[in-house]
There are 2 protein chains.
Amino acid sequence: MKMDDRKQKVLMAIVQDFIATAEPVGSRTIAKKYKLGVSPATIRNEMADLEEQGYIEQPHTSAGRIPSQQGYRYYVDYLMKRKELSVEEEALISNQFEKKVKDVGQVIQKAGLLLSQITQYASMIMPPQIGTNSFKHIQLISMHPSRAMVIVVMDNGMLHHRVIEVPEGITSNDMETISGVLNAKLQGLTMESIKMTLMKEIYLELAMHKHILDLAMELIQDSLLLKTEDKIYLGGVFNMLNQPEFHNIEKVKTLLSIIEQEKMLCELLADRGREVGGVTVRIGDEIKSHKIKECSMITAPYSICGKRVGSIGVLGPTRMEYAKVVSVVEFMTKNLSRAMERMILGMGK
Amino acid sequence: MKMDDRKQKVLMAIVQDFIATAEPVGSRTIAKKYKLGVSPATIRNEMADLEEQGYIEQPHTSAGRIPSQQGYRYYVDYLMKRKELSVEEEALISNQFEKKVKDVGQVIQKAGLLLSQITQYASMIMPPQIGTNSFKHIQLISMHPSRAMVIVVMDNGMLHHRVIEVPEGITSNDMETISGVLNAKLQGLTMESIKMTLMKEIYLELAMHKHILDLAMELIQDSLLLKTEDKIYLGGVFNMLNQPEFHNIEKVKTLLSIIEQEKMLCELLADRGREVGGVTVRIGDEIKSHKIKECSMITAPYSICGKRVGSIGVLGPTRMEYAKVVSVVEFMTKNLSRAMERMILGMGK
DNA sequence: TTTAGCACTCAGTAGCATAGAGTGCTAACA
DNA sequence: TGTTAGCACTCTATGCTACTGAGTGCTAAA
């Protein structure tokens, strides 16, 4: 694993140059551009070694070298220096998050847009998961003689609703009663605590409205249990088309067909692999989908009051500007966390 | 405008063949495949006429003919025969819509998915607009000493919510009072009827809570006025990549960059141009966006209880299967209308 | 009015030579 | 022992040419 200092410099030059140009890098280029103080011939020797060790590869004999997956990994783990955001970029993000927003969805959307604008790759954002949050309020609203809307509010501000069928003859007053009882009994509890015992208690109290109660409970359960909402904000996928590796339509197609399978992406976002300082970098095959090829993914969780509630991520070609994206993603999680907290808890403006 | 019978047949053959193959159509092909009972030479003469009149064009001298925009228009207006859906397709749609669904969003999503699956083009669906709907219920819920959530329910089942800041010291009871008054005064009214006079009345009654009332009213206004939500469901954009006209990356890029500007699409969806039997077909330039090239759009409104509340549409290359898509779009609006009605009004299962 | 025949046009493709980038190896050098 | 210059070699990319084939438009005959 330990590597000669000069080899590291050569590898770094190759990775950086390839990231910048998308062209295989030759020994002459390195000697000229990165002034290691040695001749191309020496660099060629180093390159031969690096290739033997698996850090770089050659598309064909008369071409320069490109980093292998292992090469990128070494770069990310040992060589890369964070590239901080420019003042303008930081300002752009901060500004956007200072503005008033209506709801969680909007914040998510904004974050996604920024992320893809700044990185020029695709962005993915998983909205706050509510699996372990607690129940805040339930409201039944009569919509029609035989229909009612159930609204469930979670204490983190998320909201779920559904229209259900109710037997005719249930009055608005009945609904108020049911809402009242449910609120009194369930408020502040997490799903784990809503045990059968408790349920029985409520059922007794509201025996007359068993049917409607069943439906309401179903929704509450759904809201509380639905772990991974399988919804995910995807943005800037089209940026990817500007990357030279996607000038080939076939590649674009496979990429996009994957991206449409949101579920799988969700899992990837949720799972934190080898995380370093909060940020996870997955390179090539490390994305455990045999179908995504030549892509890397950088993800990080954001939190509300220190509790991780969701993740954001950037998907780009393996030839990705890791140094930059890692910084952006990190900065974004901080801002997103803060914005979420402000919105939900009512701190600050 | 009147056209020779045989010319019509030739034009029809050219349009149909080009739609099917995406290759310029030659005189020999027409003579062989479409057996008009005349020789290629005769067809060549007809084709020369058709070209002169602007219905078809030639990419280059030694190629066959392709329909011009005007040619497609003539085809759609006078020649095309609806191609009804297959039994399987109808069943697929009906089945999907019979299933239980949670909310409007889900129905919309389902419709979009079906539309793009069946047509293999991109689908666009505008959710029900609430501009003129009436207010059903408002609920204030305390989330935190200085934050409350306002939930507004419209009588068509749409729901809007926002977290607002409230002065500390407002109790849950106060909120109940406010909710109560607002509900009593506003229920069933459309925005048009919520006039200043009425507002004053409420303000008097709730003078003590002016601030929070302002915020609540703001949300109600937003919910009621927000005409075009500018949200739109887009699906199956990636299908388009299978169309040979989009094998050129540049075209894909311009197409996709347009599609990202949802707002403009919204306007197109909302506006019904030359509508025939509920369905509007826009060919090429007729889509009033100078940037979308070589695309056609087929749109139709769906309704709830006879009132048009939204639109659905399909976007594809000008070389689109008009006959099929028109039928699909029409069939889909019917099903979507029914599903919406069922969900919101509580008819049927 | 229709058709057969024919010369003409032009995109696409295959073949071929050339240029250029980059390598690996060897031998000389510090 | 590590570094470098020189050189032969490999392989892609590019441009050129010739050829093929699809399809046309025109003319003259049926």
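Sequence lines set the chain letters: A, B, ... in the order given, protein chains first and strands last, and positions in each chain run from 1.
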I'd like to know if the side chain of A:R82 pairs up with that of A:S327 as donor and acceptor (distance under 3.5 Å, no hydrogens or angles considered). no
D:dG23 C1' sits how many Å from B:K33 NZ, rounded? 16 Å
For B:E84, is there an ion pair with B:K324 - N to carboxylate O distance below 4.0 angstrom? no
Return yes if a side-chain donor-acceptor contact under 3.5 Å exists between A:E88 and A:S86, otherwise no. yes
Angle between ring planes, A:F18 versus A:Y72, binned at 30° and 60°: parallel, tilted or perpendicular? tilted
Below 4.0 Å: OP1/OP2 of D:dT4 and any side-chain N or O of A:T42: yes
What's the CE-C1' distance between A:M47 and C:dT23, to the nearest Å? 8 Å
Will you find, in the side chains of B:Y233 and B:S123, an N or O donor that is under 3.5 Å from an N or O acceptor? no
Can you list everything that forms a ring-ring contact (aromatic ring centres under 6.0 Å, His included) with A:Y121? Sequence neighbours excluded, please. none
Using atom CD of B:E46 as one end and atom P of D:dC26 as the other, report the distance to the nearest whole Å. 15 Å
Check: A:S296/A:Y322 side-chain N/O donor and acceptor closer than 3.5 Å: yes
Around A:R73, counting heavy atoms of other residues, nucleotides and ligands shown, do more than 12 lie under 6.0 Å from its CZ? yes
Verify whether one side chain among B:Y34 and B:D17 offers a donor that lies under 3.5 Å from an acceptor in the other. yes
Can you give me the N/O atom pairs linking the protein to nucleotides 28-30 of chain C at distances under 3.5 Å, or say none if there are none?
none

Within residues 58-68 of chain B, the residues having a heavy atom closer than 4.0 Å to DNA chain C are B:H60, B:T61, B:S62
Take atom CD1 of A:I43 and atom P of D:dG2, then tell me their distance rounded to the nearest Å. 17 Å
Separation of B:R44 atom CZ from D:dT27 atom P, in whole Å? 14 Å
Ranking B:P40 and A:N45 by the position along DNA chain C of their nearest nucleotide, the one closer to 5' is B:P40
Protein-nucleotide distance (A:E57, atom CD; C:dG22, atom C1'), rounded to Å: 17 Å
A:E23 CD to D:dC11 P, straight-line distance once rounded to whole Å: 20 Å
Check the distance between C:dG5's P and B:R28's CZ and give it to me in whole angstrom. 13 Å
